Novice: 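Take a look at the following structure, please.
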Amino acid sequence: MAEVQTIENVACGFCGLGCDDLAVEVEGRAIRARAPVCPEAARLLRRIDVPDPVARVAGEEAGPTDAARVAHQILAAARSPLIGGFGADMAGAGALVDLAIRFGGVLDHYASDGLFRNYAAAQRTGWLSTTLAEVRNRCDVLLVVGDDPAATWGRLFERLFPATPLFADQGRTVVFLGGAPGEKASAQLAGASIVHHASADPVAALEALGSLVAGRRPPGESFGGIGAEALAALAEKLRNAHYAVVTWNAAELDDGDLVAERATALVDTLNLSTRGGVFPLGGRDNIIGANQLLLWRLGYPFRTAVRGQASAHDGALFATQAALADADVLVWVSAFRPEPPPDLAAMNFTGKLIALAHPETVFDTEPDVLIPVGTPGVDHAGTVFRMDSIVSLPLGALRVATLPSVAEAVRRIAEG
Amino acid sequence: MRLRLKGGRVLDPANGENGVAAGAMRDIEIEDGRIVAPTGLKADAEYDLGGDVVMAGGIDLHSHIAGGKMNLARLLMQEDRRAFPEMPGNFCGCGGGRAVPTAHATGCRYAELGYTTVFEPAMLGANARGAHLEMADIPNLDTGAYLVLGNDDYFQRLLAAGAGQEQVNAYVGWMIEATQAFAIKIVNPGGINAFKFNARKMDLDEANPHYGVSPRKVLTTLIRAVTELGLPHPIHLHGCNLGVPGNDETTLATILATEGRRLHLTHLQFHSYGTEGDKRFSSSAARIAEMVNANPNISVDVGQVMFGQTVTASADYMSQYRNRGLASPKKSIGMDIELDAACGVVPFEYKDKSFVNALQWAIGLELFLLVEDPWRIFLTTDHPNGGSFTTYPHLIRLLMDRDFRNAQLATLNKAAQAHTLLAQITREYTLEEIAILTRAGPARILGLKDKGHLGPGAVADIAVHAEDADREAMFSAARLVFKGGRLIVKDGVVVELAQGTTHVARPDFDRSVDTDMQRWFDEAVGLKAQHFRVSDGELRNGAGPTILKCEGGAS
């Protein structure tokens, strides 16, 4: 038996919150995270000591060189590849952009719906935003729109509400506008006052709140299921805050673009007299980092097509679903978790599938080429960005890699 | 590998050589990426320069080329990217944009102008890793970054608690090393922090609403810190009250506050505004230039305004928020960042028919022409804030050609023409002075001993320009550019992509500060100090930085 080794201060790259204080037990090739860790990270870090699967070509086991060669041939013959999934660290993302420049291709991330709902607001009017350490220390009124985000970001409120913030030490209030806070959120918010306004229509509530904060009383008794008086009191609380923050998860809100727009407008009004910012949630599987890389390499965010040595961006046309209709090859990349591609049969996709995938990924359709890849922060080192797009984290390797990284796998494909 | 550049007129002010004035031609020899004394040995390649002007590669000491705020600008101003698509002959398909070009386009456009080294002047510690990743993707340029300090809560707390200079020095040293920075930048000293506590303006002697610390205290403490740590570049200061009419008084008071210690005032144009005239906006360039001339401890860059669409991006959220009503198109981004600093992104169109914009243009040129010592003033547009760096050739012509300058002035807003003494200034920059402003001077103020000149031992970053009486045409397209001895531009077109390096400064400091930094990051920031730190191997795809070891020590 291998000795159990405990590694402290492990950084986690899965959900975008960027916790970096995990303790992880490594025993040979087996890995188990200890507290503090959220259930999601514990599940995604867990490894048992089994041999890694090998590459497959058309369902048959193949050597890495053969798999890369076949993938190269498929891409060389492709008319319109889509590089999707995009669950990769910064080095992997860079290699995928190189691949698109070489063979052409549309670039999108599987979790980009939330990002683009937010961009609808950010690109039209801009916004005033803030980052984790600012919320953690300054925010005295936090408005959470939609469902309790602790289900997705298990340690969010623990990170945002430490026992001793630098400034917001005169009472902190968290207002849930939408779903009720769960047990986890309530426990992590033990030091704060919690208020819940149930609402099935947070857009209407936010809009009325925006008017009230601006000093206008909209006609009506109730907005989005919240009484006018309660909203007026909330508006007063926000106006009197030293540093108010509005947060939401656009990916989980049907009207995420409208929530982003109304929240942006609300924060804009607040900043005329006090301070505050929006704190949009997201950032799964380094989507923010890869998007940053696309912005500096191509000048465009995700949903960009590279063709004939030029790039074009269209948030609708080059979204995965729409782009699949025109694609003849899908390169599916998911190194952080076994995220399968969308249901290709249901979408009448008849092209080739090249998968650079987490070894536990279950496919409805057998890929034409399957190259299992290692996980950043488990099998190899890498860099990922946090959800705020400013802070990035170096992930370390927890064990000796037997699988290639996305960057390595892509380089082999490019070489053919 | 030995190269020989034959028969050039060498313009090398750092070594006192002016082959243009003397009409003298000579060869320059390169061995393994460095300039060497001429030998009779056979060269692997020779280039016949036919009397063309040979200078060291250009060095831009203040141009926003990387970091989160540039990506926010790209995101906000997709119009800029669409309006300036990939150039023909672009061989990696990822270039575009003008105000906020992509990393690739930044490297290529700078190289075509003969520039080989560019410094990002506002890297936030919280964003350092991202900025370094982005810089690694800029081809053909060596880079480096100035760390924004002075608005961070750790530093403000130190000052509020009355910490000694030694403690401050240890902190500054730790931060420079952790973020792989080259120098310290202060942006609106203490003002960005005060804005987080809802202060809307901050004068030099105003107290921070929470810490009670004044910008003067921030400035003088950090000036001492970089002096005692032995950093080669002085404090790089974006002063208080950027863009506010009447900020001339703040600027003059700031120069006096240095008490003779070295200080670099950046984008001085934006800090040279008076309140005279019926529009309460006037030029104070003459007053300020006089003060700069009288204080040899002061260096400046101009931040010239050039007409057209751009996007302004700055850590000075306080000022950017104040100016966001002027946004064109009407949208802007602001962000408070990590107990560290902030940023504001505001698109802007400088219009030649606007009184204010035309006068800003004139104020910048007045500063260029009235500051006498070319070794203490540098050519910048504060890219992209005053305009894109791609306008440098036009700016050079404005400085070198009085008739051209006055003809341009005559087309501007009439009231602005009446408020500037530009038409009366007869000075025309010489080629040698341009070489000082754009290479020799920046190398000296940055302490880069093997750059900015063409003597033996210098890095073979070389720009060759065919002389042309139209100086804009001359500087728009270098005939040849060598980066570390490799030919990267031929006849104004990029022919190869070279991987540059990143310059960092390494001071000695008291490492016992590490314990307190760990505590601060754990408790306040909520991030481990070890993950905040950027390691050498994270720079330039594993190649690591070029380290300038500071002489000074932890005194």
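Computed from a predicted structure; not experimentally measured. In what follows, chains are A, B, ... by sequence order, proteins preceding strands, each numbered from 1.
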Novice: Any cation-pi pair here, A:Arg172 with A:Phe161, using under 6.0 Å and within 45°?
Specialist: yes
Novice: Go through the side-chain N and O atoms of A:Tyr243 and B:Asn198 and say whether any donor and acceptor fall under 3.5 Å apart.
Specialist: no
Novice: Which bit of A:Phe385 is near chain B, if near means a heavy-atom gap under 4.5 Å: side chain, backbone, both or neither?
Specialist: side chain
Novice: When you look at B:Thr390 and B:Tyr110, which way does the side chain to side chain donor-acceptor pair (under 3.5 Å) test go after all the steps?
Specialist: CA-CA 7 Å; B:Thr390 57; B:Tyr110 259 117; over 6 Å; no
Novice: Mind ranking A:Asp268, A:Thr383, A:Leu132, A:Asp388 by heavy-atom pairs under 4.5 Å with chain B and telling me who comes out on top?
Specialist: A:Asp268
Novice: Which of residues 273-282 of chain A have a heavy atom under 4.5 Å from any heavy atom of chain B?
Specialist: A:Ser273, A:Thr274, A:Arg275
Novice: Which residue out of B:Leu339, B:Asn127, B:Thr106 racks up the most heavy-atom pairs below 4.5 Å with chain A?
Specialist: B:Leu339
Novice: Among B:Arg324, B:Lys330, B:Gln78, who wins on heavy-atom pairs under 4.5 Å with chain A?
Specialist: B:Gln78
Novice: Between the side chains of B:Glu120 and B:Lys69, is the shortest nitrogen-to-carboxylate-oxygen separation below 4.0 Å, so that they form an ion pair?
Specialist: yes
Novice: Please confirm whether the backbone N or O of A:Asp140 pairs with a side-chain atom of A:His242, one donor and one acceptor, at under 3.5 Å?
Specialist: no
Novice: For the residue pair A:Phe167 and B:His210, is the inter-centroid distance of their aromatic rings smaller than 6.0 Å?
Specialist: yes
Novice: Under 4.0 Å between a side-chain nitrogen and a carboxylate oxygen: does that hold for A:Glu158 and A:Arg155?
Specialist: yes
Novice: Is there a donor-acceptor contact under 3.5 Å from the side chain of B:Asn323 to the main chain of B:Leu326?
Specialist: no
Novice: Under the 3.5 angstrom rule, does the side chain of A:Ser392 hit a backbone N or O of A:Val384 as a donor-acceptor pair?
Specialist: no
Novice: Do you know the tightest heavy-atom contact between B:Thr102 and A:Gly299?
Specialist: CG2-N, 3.3 Å
Novice: Measuring heavy-atom distances to chain B, does A:Arg386 have an atom under 4.5 Å in its side chain, in its backbone, in both, or in neither?
Specialist: side chain
Novice: Picking from A:Val135, A:Asn271, A:Leu293, A:Asn291, which has the most non-hydrogen pairs under 4.5 angstrom with chain B?
Specialist: A:Asn271
Novice: Taking side chain as everything from C-beta outward and backbone as N, CA, C, O, which of these in A:Thr125 sits under 4.5 Å from a heavy atom of chain B? Side chain, backbone, both or neither.
Specialist: backbone
Novice: Any side-chain to backbone donor/acceptor pair from B:Asp316 onto B:Val187? Under 3.5 Å, distance only.
Specialist: no
Novice: Quick check: under 4.5 Å, non-hydrogen atoms only, which of residues 514-522 of chain B neighbour chain A?
Specialist: B:Trp520, B:Asp522
Novice: With no hydrogens and no angle check, is any side-chain donor or acceptor of A:Arg159 less than 3.5 Å from a backbone partner on A:Arg136?
Specialist: no
Novice: Check whether A:Ser112 reaches the backbone of A:Leu115 with its side chain - one donor and one acceptor, N or O, closer than 3.5 Å.
Specialist: no
Novice: Using non-hydrogen atoms only, which part of B:Lys196 is less than 4.5 Å away from chain A: side chain, backbone, both, or neither?
Specialist: both
Novice: Quick one: of A:Thr130, A:Asn9, A:Thr164, A:Thr264, who has the most non-hydrogen atom pairs under 4.5 Å with chain B?
Specialist: A:Asn9
Novice: Check the side chains of B:Gln320 and B:Ser314 for a donor-acceptor pair under 3.5 angstrom, ignoring hydrogens and angles.
Specialist: no
Novice: Going by atom types only, do B:Asn71 and A:Trp296 share a side-chain donor-acceptor pair under 3.5 Å?
Specialist: no
Novice: Is B:Lys528 close to chain A through its backbone or its side chain, or both, or neither, when contacts mean heavy atoms under 4.5 Å?
Specialist: both
Novice: Anything under 30° is parallel, anything over 60° is perpendicular, the rest tilted; go ahead and classify B:Phe195 against B:Tyr321.
Specialist: tilted
Novice: When you check the side-chain N and O atoms of B:Thr143 and B:Thr502, is any donor under 3.5 Å from an acceptor?
Specialist: yes
Novice: Flag the one option from B:Lys331, B:Arg74, B:Met335, B:Glu338 with the top tally of heavy-atom pairs under 4.5 Å to chain A.
Specialist: B:Glu338
Novice: Listed by residue number, which members of residues 13-23 of chain A have a heavy atom under 4.5 Å from any heavy atom of chain B?
Specialist: A:Asp20, A:Asp21
Novice: Examine whether an atom of B:Asp340 lies under 4.5 Å from a heavy atom of chain A, and if so say whether it belongs to the side chain, the backbone or both; otherwise answer neither.
Specialist: backbone
Novice: So for B:Arg157, is it side chain, backbone, both, or neither that comes closer than 4.5 Å to the heavy atoms of chain A?
Specialist: side chain
Novice: Among A:Gly126, A:Ala163, A:Pro394, which has the most heavy-atom pairs under 4.5 Å with chain B?
Specialist: A:Pro394
Novice: Are there residues of residues 532-539 of chain B whose heavy atoms fall under 4.5 Å of chain A's heavy atoms? If so, which?
Specialist: B:Glu538
Novice: Answer with side chain, backbone, both or neither: which region of A:Leu272 has an atom nearer than 4.5 Å to a non-hydrogen atom of chain B?
Specialist: both
Novice: Ignoring hydrogens and geometry beyond distance, is a side-chain donor-acceptor pair present between B:Asn188 and B:Asn151 at under 3.5 Å?
Specialist: no
Novice: Tell me yes or no: between the side chains of B:Asn193 and B:Gln156, is some donor less than 3.5 Å from an acceptor?
Specialist: no
Novice: Among A:Val391, A:Leu128, A:Asp98, which residue has the highest count of heavy-atom pairs closer than 4.5 Å to chain B?
Specialist: A:Leu128
Novice: Sort out for me which of A:Arg307, A:His313, A:Arg102 touches chain B most, counting heavy-atom pairs under 4.5 Å.
Specialist: A:His313
Novice: Between the side chains of A:Tyr119 and A:Asp257, does any donor sit under 3.5 Å from an acceptor?
Specialist: no
Novice: Quick one: of B:Met70, B:Met77, B:Arg82, who has the most non-hydrogen atom pairs under 4.5 Å with chain A?
Specialist: B:Arg82
Novice: Salt-bridged, B:Glu134 to B:Arg129, with N to O below 4.0 Å?
Specialist: no
Novice: Do the side chains of B:Arg540 and B:Asp137 get close enough for a salt bridge, i.e. N-O under 4.0 angstrom?
Specialist: no
Novice: Based on non-hydrogen pairs under 4.5 Å, which of B:Val345, B:Leu76, B:Leu72, B:Asp153 is most in contact with chain A?
Specialist: B:Asp153
